[in-house]
> 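Take a look at this one; I'll ask things after.
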Amino acid sequence: MRGLLRFAAVLACLAAITVGTMALAACAASEGSTSPSPSPSSSSTAELERMDRDFELEQLRQENESLQAALMTARLERRAAATELRERLSRSVTASASEQHLSRHPGLRRLVRDYFAALLQGRAPGKLGEQGRKRLRAFLPAGSPALARVRYLELGKLAASKEAPWPAGMVTKSLAVVHSLSVNEKGDRASIVVYPIHEFWAYVDDQGEVRTGEFDMQTEDAWNATMEEGPHRLTVVRRAGVWKITDDFAVGGEQDVPGMMRDGGAPRQVWRAEARRIAARTAERIPVPAGVQAIFERFLTLLNEHRYHETDALFVGGHGYRGYMFADPQGDWQYALKWIGGFDPLSEIAVASYPDIPFVVEVSGPTYENGGYDYAGGGMLGPSMWIARKSGGEWRIVGAGTGPPIGAGGFWR
């Protein structure tokens, strides 16, 4: 309610300023059409009055622009708040533990908020972008490789937009959601995984309409040509009471991080070193719990024995597989598990699925032509992505993919 009242007040002020501007303009036009030829002294007075009117009109114009910016900022704040609420509601009780932990470290919350606001500004063209990239020095130690890497990445995003100018008067806001947080016992070191990252924009178009959106390549505007951000893992340390980011590691979502750095002017040895670092880091995999492997083996056994209804107990929601999903439901065929593996824990699919666990399954068995499974586009003969959830101490299958899994950082054995 407070936000709505502030919004109404902004609109009222904006209307008052606009009316005032029109009245001053009408007054100036009226006086210009009826005044007699001035004497030398009255000419000086008229000149002073004109200068006063021009000054007042300029003040009103600036105030009008400020109110428009405030109006657009208020809209973006409401949109960001609604997005944040939706993100929180969509996460489980387990995931909310990170929010509870973060509430005990307001300095870290501010660090994340301000850092990603600077990153958003740093991808802007012209002086605004220069200012944003300079602001990054406040978050990372001077001369650190992390500072150089993140600057090259921001310049790469700018290059992706071909440095197209932002619309006049455009305002922006970022919303960086903390996915997980771990702080050591001394409270001077922390690791923060940030995802998702929303970057909003708003401006007044040539028709006077306020346009709002998000940097996600959903428009044809050249300045919006930056791909969606993947998860970031921040490593931070506290020195003399101040938190500093010593590393910002990002595998990338839809974007190629080393390629972006190269396009941003990074020397060959720098972006190639980042590519090697990402390759080494993404070789890690989330271990597949024994319970997940056991339940999938049980699932294949029930299919081989054509006991379809019993598969219901293996799935969240109690909906398993049925005979109509197979070309020959009672055929003499056998499915076997070839391998099952996990994803890179910092990949977009793994972070977005938490607390569920995504995993990759490859199964050998009959094709549809040989009486086997072929329902809704496939998903049995892998590799394909599946998701598991632990509930009440037991693992259950949440859902199966219908094609090869796509996850940042790779997904194979």
> Taking all heavy atoms of Tyr335 and all of Pro366, pick out the closest pair and write down the distance.
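Distance-wise, the nearest heavy atoms are OH-O, 3.1 Å.
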> Could you give all pairs that pass the salt bridge (charged side-chain N to carboxylate O under 4.0 Å, His left out) test and reach residues 145-166, with sequence neighbours left out?
Arg149-Asp247, Arg149-Glu274, Glu154-Lys157, Lys157-Glu229
> Please report the interatomic distance CZ(Arg135) to CG(Leu119), rounded to the nearest 0.5 Å.
9.0 Å
> Any sub-3.5 Å donor-acceptor pair from Trp333's side-chain atoms to Asp328's backbone N or O?
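Side chain of Trp333 to backbone of Asp328, a donor-acceptor pair under 3.5 Å: yes, one is there.
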> A quick test of your reading: do over 12 heavy atoms of other residues, nucleotides or ligands sit less than 6.0 Å from NE2 of His306?
yes
> Parallel, tilted or perpendicular for Tyr203 and Trp223, by the 30°/60° rule?
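Tyr203 vs Trp223 ring planes: perpendicular.
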> ring-ring contact (aromatic ring centres under 6.0 Å, His included) between Phe200 and Phe215: does it pass, once the steps are laid out?
CA-CA 6 Å; Phe200 304 105; Phe215 287 98; 9.5 Å; no
> Could you give the distance from CG (Leu175) to CD (Glu214), rounded to the nearest 0.5 Å?
8.5 Å
> Quickly, which of Val112, Ile245, Thr246 forms a side chain to side chain contact (heavy atoms under 4.5 Å, CB included) with Val236? Name it, please.
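Among the candidates, only Ile245 passes.
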> Does Arg322 pair with Asp312 as a salt bridge, N-O distance under 4.0 Å?
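Between Asp312 and Arg322 there is a salt bridge, with a charged N closer than 4.0 Å to a carboxylate O.
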> So, for Ala164 and Ala222, which heavy atoms are closest and what is the spacing to 0.1 Å?
CB-CB, 3.6 Å
> What's the spacing between Leu300 CG and Ser364 OG if we round to 0.5 Å?
9.0 Å
> Do Arg109 and Val178 have side chains that approach each other closer than 4.5 Å (heavy atoms only, starting at C-beta)?
no
> What are the two closest non-hydrogen atoms of Leu158 and Ser161, and how far apart are they?
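Heavy atoms only, the tightest pair is O-OG, 2.8 Å.
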> For the backbone of Leu140 and the side chain of Ser144, can you confirm whether one donor and one acceptor N or O come within less than 3.5 Å of each other?
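No, Ser144 side chain to Leu140 backbone: no donor-acceptor pair under 3.5 Å.
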> Taking only Lys NZ, Arg NE, NH1 and NH2, and the carboxylate oxygens of Asp or Glu, determine whether Arg211 and Asp205 approach each other closer than 4.0 Å.
no
> Can you establish whether the number of heavy atoms outside Arg272 located under 6.0 Å from its atom CZ is more than 12?
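For Arg272, atom CZ is not crowded (no more than 12 foreign heavy atoms under 6.0 Å).
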> Apply salt bridge (Lys or Arg N to Asp or Glu O under 4.0 Å) to residues Glu199 and Arg123 and explain how you reach the verdict.
CA-CA 11 Å; Glu199 297 174 326; Arg123 55 169 283 184; 3.3 Å; yes
> Determine, stepwise, if the pair Leu147 / Arg137 fulfils side-chain contact (heavy atoms from CB on, under 4.5 Å).
CA-CA 7 Å; Leu147 178 57; Arg137 289 183 299 189; 4.1 Å; yes
> If you compare all heavy atoms of Ala250 against all heavy atoms of Val257, which two are closest, and at what distance to 0.1 Å?
O-CG2, 3.4 Å
> Is the backbone N or O of Val150 less than 3.5 Å from a side-chain atom of Arg133, with the two atoms forming a donor-acceptor pair by type?
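No, the answer is negative, given that no donor and acceptor are paired below the 3.5 Å cut-off.
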> Do side-chain atoms of Thr282 reach the backbone of Ile278 as a donor and acceptor pair under 3.5 angstrom?
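A pair under 3.5 Å: yes.
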> Under 3.5 Å, side chain of Trp271 to main-chain N/O of Gly259, donor-acceptor pair present?
no
> Between Asp356 and Val398, what is the shortest heavy-atom contact and its length?
OD2-CG2, 4.1 Å
> I'd like to know whether Phe249 forms a side-chain contact (heavy atoms from CB on, under 4.5 Å) with Leu234, so could you lay out the CA-CA distance, the side-chain angles of the two residues, the decisive distance to 0.1 Å, and finally the verdict.
CA-CA 6 Å; Phe249 181 85; Leu234 307 180; over 6 Å; no
> What heavy-atom pair brings Ala388 and Val292 nearest, and what distance separates the two atoms?
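Reported closest heavy-atom pair: CB-CG2, 3.9 Å.
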> Would you say Gln121's side chain and Leu128's backbone share a donor-acceptor pair under 3.5 angstrom?
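Yes, Gln121 side chain to Leu128 backbone: donor-acceptor pair under 3.5 Å.
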> Test Tyr308 against Tyr321 for ring-ring contact (aromatic ring centres under 6.0 Å, His included), laying out the working first.
CA-CA 6 Å; Tyr308 299 111; Tyr321 277 30; 8.7 Å; no
> Less than 4.0 Å between a side-chain N and a carboxylate O, is that true for Glu284 and Arg281?
yes
> Given the rule in the side-chain contact (heavy atoms from CB on, under 4.5 Å) test, do Val270 and Met261 qualify, once you have shown the distances and angles that lead to the verdict?
CA-CA 8 Å; Val270 173; Met261 291 174 58; 3.8 Å; yes
> Given 3.5 Å as the limit, does a donor-acceptor pair link the side chain of Ser353 with the main chain of Ala350, or not?
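A pair under 3.5 Å: no.
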> For Thr172 and Trp166: C-alpha separation, side-chain torsions, deciding distance, then whether side-chain contact (heavy atoms from CB on, under 4.5 Å) applies.
CA-CA 11 Å; Thr172 61; Trp166 285 5; 3.7 Å; yes
> Check the orientation of Phe296 and Trp386. Use parallel for under 30°, tilted for 30 to 60°, and perpendicular for over 60°.
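Aromatic pair Phe296/Trp386 classed perpendicular.
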> Are the ring centres of Phe116 and His232 closer than 6.0 Å?
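Phe116 vs His232: aromatic centres under 6.0 Å.
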> List the atom pairs, with distances to 0.1 Å, where a side-chain N or O of residues 185-196 and a protein N or O form a donor-acceptor pair under 3.5 Å, not counting sequence neighbours.
residue: Asp188; atom: OD1; partner: Asn184; partner atom: ND2; Å: 2.6
residue: Tyr195; atom: OH; partner: Glu348; partner atom: OE2; Å: 2.9

> Are the aromatic ring centres of Trp243 and Phe139 under 6.0 angstrom apart?
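Trp243 vs Phe139: aromatic centres not under 6.0 Å.
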